[in-house]
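Below is one structure, written out as structure tokens; the observations come after it.
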Number of protein chains: 2
Amino acid sequence: MEKEKTDKKDHILDVAEKVFSELGYDGASTRLISGEANVNMAMLNYYFGSKEGLFIAIFERKINSFKTLLQNINEDETMSSWDKLSLCVDKYVDRVVLNSYFHKLVNREVSLSKHSEINDTITNIIMTNILEFKKVIQDGVNNGSFFEGADTELCVATIFGTKNFIINTPQLASRLFEKDILSAAYLENEINERTKIYMKRLLKSYLVTNNDQTNP
Amino acid sequence: MEKEKTDKKDHILDVAEKVFSELGYDGASTRLISGEANVNMAMLNYYFGSKEGLFIAIFERKINSFKTLLQNINEDETMSSWDKLSLCVDKYVDRVVLNSYFHKLVNREVSLSKHSEINDTITNIIMTNILEFKKVIQDGVNNGSFFEGADTELCVATIFGTKNFIINTPQLASRLFEKDILSAAYLENEINERTKIYMKRLLKSYLVTNNDQTNP
DNA sequence: CAAAATTAATCAAACGATTGATTAATAAAA
DNA sequence: TTTTATTAATCAATCGTTTGATTAATTTTG
């Protein structure tokens, strides 16, 4: 029973994560979520206390995987700046693709201006990753291995922005790519590798190969 | 009187655009919007028929500026592919910065999965711009002025994604830049030009200067 | 012109529907 | 039996919307 309870809670969290990512926090009613999960509405409150509690539980479940993925790479003294950045991109794209619902959900919620505890929590979690990328690039610029005129901040914006475009607006991406991005198979099999290759080539040409800056 | 009526409707649209962009469609109640605009709640329905009508009216007001900004550039036979792309980036960044609330609103709404007429309308409007950028780049690749191995689609994702990151999640961008991105002044004076310069340098190094592709 | 009729704009109050949440009763498990 | 899990019914609050009345402006009429 203990096992089954966890399974049920996990099932609810899976469903809620998807519904929230598709309709937004406000747009997803507890009735719909419980209906999609085939559980009684009261179970949401029984397990998670409230709608917000359910929302927070989704994050707490994922929080471990967010912890120190990039930090360990960044602390490695033996790697070059480019190898660090390259590896960070690989790892990050992998994780985003694997948790696309979650990342979509996170990005929509954090784009809202309403101040709440959960909003701050999310912001801090994302910022950890953002600043980790910033550090890798900044270090590379400082130690001379990257183009000294590089715009570090906007470079980070490109990394997160490119990924967000694909994950957050799959309808647009699907029509741009003329493929069904929403299909998990295509996302994991094709887009994943393709994005990695592209992102690294893009960053390398800007940060490393970039040596003529005649006219911007 | 006729004049003042238009002004009042315009005022409501201004306020609604901002509130929607901050709280999302579902999160923004008609009571709050009318309160912020200092008009009676019933006026929203009187003028715009419904909440959705108000939402649509926001788009109809902006729709003209969306029409053929990029198309004219693209059709110009005398310009090089790079000059076209460069000009498109300039024009697009300008417009986004000038209508940051609107673009934030658009991007959040289009990321929702709920099918509606307005959602389709918005998607088509955005796609016009997206495909215009795609065409510029694709033409450049085809006529040999851009790197033949370029990932056209992801390149477009970068252009829109980078801009979206700044506009959609200004809290994150503010902490990344260590400046207040939400401040309209900073956005228009600094970020605007800086983004143009960065974006063009990034694209140029990837599309034009890119000639070594040893390891991705 | 001035009085009457019509239209447009605005308001407070209330509507039915839906929201997240809670209850009290029951079923299952320990 | 005691605890845990689950249910249907119900709660107050809020949602978008509508109403009927009132005021302001415009047009028509005498």
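Chain letters run A, B, ... following the sequence lines, proteins first and then strands; every chain starts at 1.
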Rounded to the nearest angstrom, tell me the gap between atom [atom1] in [X] and atom [atom2] in [N].
X: I12(B); N: dT10(C); atom1: CD1; atom2: C1'; answer: 11 Å
X: Y46(B); N: dA24(D); atom1: OH; atom2: P; answer: 15 Å
X: L23(A); N: dG20(C); atom1: CG; atom2: P; answer: 12 Å
X: Y25(B); N: dC15(D); atom1: OH; atom2: C1'; answer: 11 Å
X: N38(B); N: dC11(C); atom1: CG; atom2: C1'; answer: 14 Å
X: M43(A); N: dT23(C); atom1: CE; atom2: C1'; answer: 15 Å
X: L54(B); N: dG16(D); atom1: CG; atom2: C1'; answer: 12 Å
X: I33(A); N: dT19(C); atom1: CD1; atom2: C1'; answer: 12 Å

R201(B) and D151(A) ion-paired at < 4.0 Å: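 Salt bridge absent between R201(B) and D151(A).
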NZ/NE/NH1/NH2 to OD/OE distance under 4.0 Å, E22(A) and K104(A):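 No salt bridge links E22(A) with K104(A).
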Could you run down the sub-3.5 Å N/O contacts of the protein with nucleotides 17-22 of chain D?
from    : atom 1 : to     : atom 2 : distance (Å)
dT17(D) : OP2    : K51(B) : N      : 2.7

R108(A) versus N107(B), side-chain donor and acceptor atoms under 3.5 Å: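 The answer is no; no qualifying pair exists.
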Set of salt bridge (Lys or Arg N to Asp or Glu O under 4.0 Å) partners for E193(A), sequence neighbours left out: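 Counting only residues at least two positions away or on another chain, E193(A) forms a salt bridge (Lys or Arg N to Asp or Glu O under 4.0 Å) with K196(A).
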Any residue meeting side-chain contact (heavy atoms from CB on, under 4.5 Å) with I181(A), in chain and number order, not counting sequence neighbours: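 Per chain and number, I181(A) pairs via side-chain contact (heavy atoms from CB on, under 4.5 Å) with I166(A), P170(A), A173(A), S174(A), F177(A), Y186(A), L187(A), I191(A).
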Aromatic ring pairing Y206(A)/Y198(B), orientation class (parallel under 30°, perpendicular over 60°, tilted between):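 Geometry flag for Y198(B) against Y206(A): perpendicular rings.
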